[in-house]
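Worksheet: the structure to be examined is printed underneath.
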Amino acid sequence: MTKVGNVVVPTATATPARVRLFQPSQRPVQRRESLETPWGKCTVSGRLGQRHADLLEISLYVAEKKRSTDDGAMELLVDPAKIRRKMSDAQYSLSQIILLFSDLRTVTLEIRTQNLYCIGGVIDHIMISEATRHNPLSKSERHLWRVRLNKAFVYLLENDYRLFYDPGPLARLKNGISQAVARHVITHKRSPAGGWKIDTLIVAVAGELKPAQLRSKRRELRQDMKGLRNLGLIIEEDRVTKGGE
């Protein structure tokens, strides 16, 4: 199978971005905290940032097959080479991918919204599959991976609002705050009248900040204006809108 792009599962669902499951940083810290937003509550124990979100979304996007397990989990068949190419133009480090997957395996989350409730993790394990792909560079065969999603995360995939998009351009944004804002905006079908205020979006994904921190996040967001435009997000003065509306 060579087709890539939401063959078997969505790229993401709306609630994780709305309840701040992933820190708005590419260098997240270990944490145990409870967060509440207008969309629900989230308790996280572990280290989850925007590069973890990149890896998770890309794994879902490039998955070639899925298999539901008897206990309610799900296994995805993925090609690690496709993940590396989507993560970075320079073939993202395999060792770094393994570190990110390790964090995704050990995190514990609780998500509660008006219609959803789950406690669990994100992934359970990764195993080498018997399935292979030919590597034209080494003229050898490479094994695909079997990524087992935790039952709590499968619950979100099956019951939350599902999102379908190519996560590659999002993974190329320079700053974590830009990625978090983009992921939050993607969960909305359209912009509010006049667009979102930049500060409102920053607070929505990062919480209340001191004035100096807020200025820094505004600056980082503007550094990614070109990349955000490629995603259909337009920054004009102090507003953000979705292009094409």
Side-chain angles (χ1 to χ4, degrees), residues 1-22 32 34 39-49 51-84 86-87 94 96-134 141-167 183 187:
M1 178 182 293
T2 58
K3 181 180 179 183
V4 173
N6 299 133
V7 175
V8 294
V9 286
T11 301
T13 67
T15 295
R18 292 181 172 184
V19 299
R20 295 167 50 195
L21 175 63
F22 297 93
R32 175 168 176 78
S34 296
W39 293 274
K41 299 179 181 179
C42 178
T43 299
V44 186
S45 178
R47 183 170 59 227
L48 284 181
R51 290 309 263 163
H52 296 90
D54 292 339
L55 176 58
L56 182 60
E57 291 182 358
I58 288 169
S59 298
L60 296 173
Y61 182 76
V62 305
E64 300 183 7
K65 294 181 180 179
K66 69 177 179 180
R67 182 181 73 86
S68 297
T69 64
D70 292 339
D71 63 349
M74 181 187 294
E75 281 192 352
L76 302 178
L77 183 68
V78 301
D79 185 342
K82 292 178 180 177
I83 292 176
R84 294 179 67 189
K86 276 287 179 185
M87 287 285 289
L94 184 60
Q96 187 62 27
I97 284 175
I98 291 172
L99 288 175
L100 292 174
F101 267 134
S102 296
D103 288 339
L104 286 167
R105 187 187 65 81
T106 58
V107 72
T108 301
L109 59 89
E110 177 183 6
I111 291 177
R112 184 192 298 270
T113 73
Q114 185 175 358
N115 301 311
L116 300 169
Y117 181 72
C118 62
I119 301 177
V122 180
I123 68 168
D124 291 335
H125 60 243
I126 298 174
M127 308 291 285
I128 299 298
S129 169
E130 294 180 357
T132 61
R133 291 287 182 273
H134 181 67
E141 299 295 311
R142 67 172 181 272
H143 285 272
L144 305 188
W145 289 353
R146 290 187 289 115
V147 178
R148 176 180 160 115
L149 303 177
N150 185 269
K151 288 188 287 185
F153 190 74
V154 173
Y155 168 81
L156 289 176
L157 287 179
E158 293 178 344
N159 295 279
D160 197 8
Y161 180 69
R162 293 148 61 99
L163 302 167
F164 297 85
Y165 57 89
D166 182 352
R183 288 190 162 99
T187 69

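All of these numbers come straight from a predicted model, not from anything done at the bench. When a residue number appears, it is its place in the shown sequence, counting from 1.
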With sequence neighbours left out, write down each residue that passes ring-ring contact (aromatic ring centres under 6.0 Å, His included) with W145, or none if nothing qualifies.
none
So, using side chain to side chain contact (heavy atoms under 4.5 Å, CB included) as the criterion, who are the partners of V154 when residues are at least two apart?
M74, L149, E158
With sequence neighbours left out, the residues meeting side chain to side chain contact (heavy atoms under 4.5 Å, CB included) with R146 are E75, L77, M127, S129
Heavy-atom check, side chain of V147 versus side chain of I126, under 4.5 Å
yes
Using side-chain heavy atoms (C-beta onward) and a distance below 4.5 Å, is S59 in contact with I83?
yes
Identify, with sequence neighbours excluded, every residue that meets side chain to side chain donor-acceptor pair (under 3.5 Å) alongside Y155.
none
Which pair of non-hydrogen atoms, one from V8 and one from L76, has the smallest distance, and what is that distance?
CG2-CD2, 4.5 Å
N150 CG to L156 CG distance, which is reported to the nearest 0.5 Å
10.0 Å
Separation between CD1 of I98 and CG of D103, rounded to the nearest 0.5 Å
12.5 Å
Quick one: does T187's side chain get under 4.5 Å of Y161's, heavy atoms only?
no
How about CD on E141, more than 12 heavy atoms from neighbouring residues, nucleotides or ligands closer than 6.0 Å, or not?
yes
Atom CZ of R84 with >12 non-hydrogen neighbours under 6.0 angstrom:
yes
Over all heavy atoms of both residues, which pair between D166 and K86 is shortest? Give the atoms and the distance, please.
OD1-NZ, 2.7 Å
Check whether any side-chain heavy atom of R142 sits under 4.5 Å from a side-chain heavy atom of D79, and report yes or no.
yes
What is the minimum heavy-atom distance between Y61 and P167, and which atoms define it?
CG-CD, 3.5 Å
Find the distance between CG (L109) and OG1 (T43) and round it off to the nearest 0.5 Å.
9.5 Å
Atom CG in D71, atom NZ in K151: separation rounded to 0.5 Å?
5.0 Å
For residues A152 and G120, report the shortest heavy-atom separation together with the two atoms involved.
CB-CA, 3.7 Å
Among pairs that include at least one residue of residues 112-124, which meet salt bridge (charged side-chain N to carboxylate O under 4.0 Å, His left out), considering only residues two or more places apart or in two chains?
E110-R112, D124-R148
Mind checking what makes side chain to side chain donor-acceptor pair (under 3.5 Å) contact with T113, not counting sequence neighbours?
none
For T11 and Y165 the tightest heavy-atom approach is OG1-O, 2.6 Å
Looking at D54 and R183, is any side-chain nitrogen of the basic one under 4.0 Å from a carboxylate oxygen of the acidic one?
yes
Is there side-chain contact between H52 and L104, with at least one heavy-atom pair below 4.5 Å?
yes
Kindly indicate whether the side chain of E64, heavy atoms from C-beta on, has any atom under 4.5 Å from the side chain of K82.
yes
Mind listing the closest non-hydrogen atom pair of P16 and D160 along with its distance?
CD-OD2, 3.7 Å
Which value, rounded to the nearest 0.5 Å, describes the distance between W39 atom CH2 and I111 atom CD1?
14.5 Å
Straight-line distance of L100 CG to L48 CG, nearest 0.5 Å:
10.0 Å
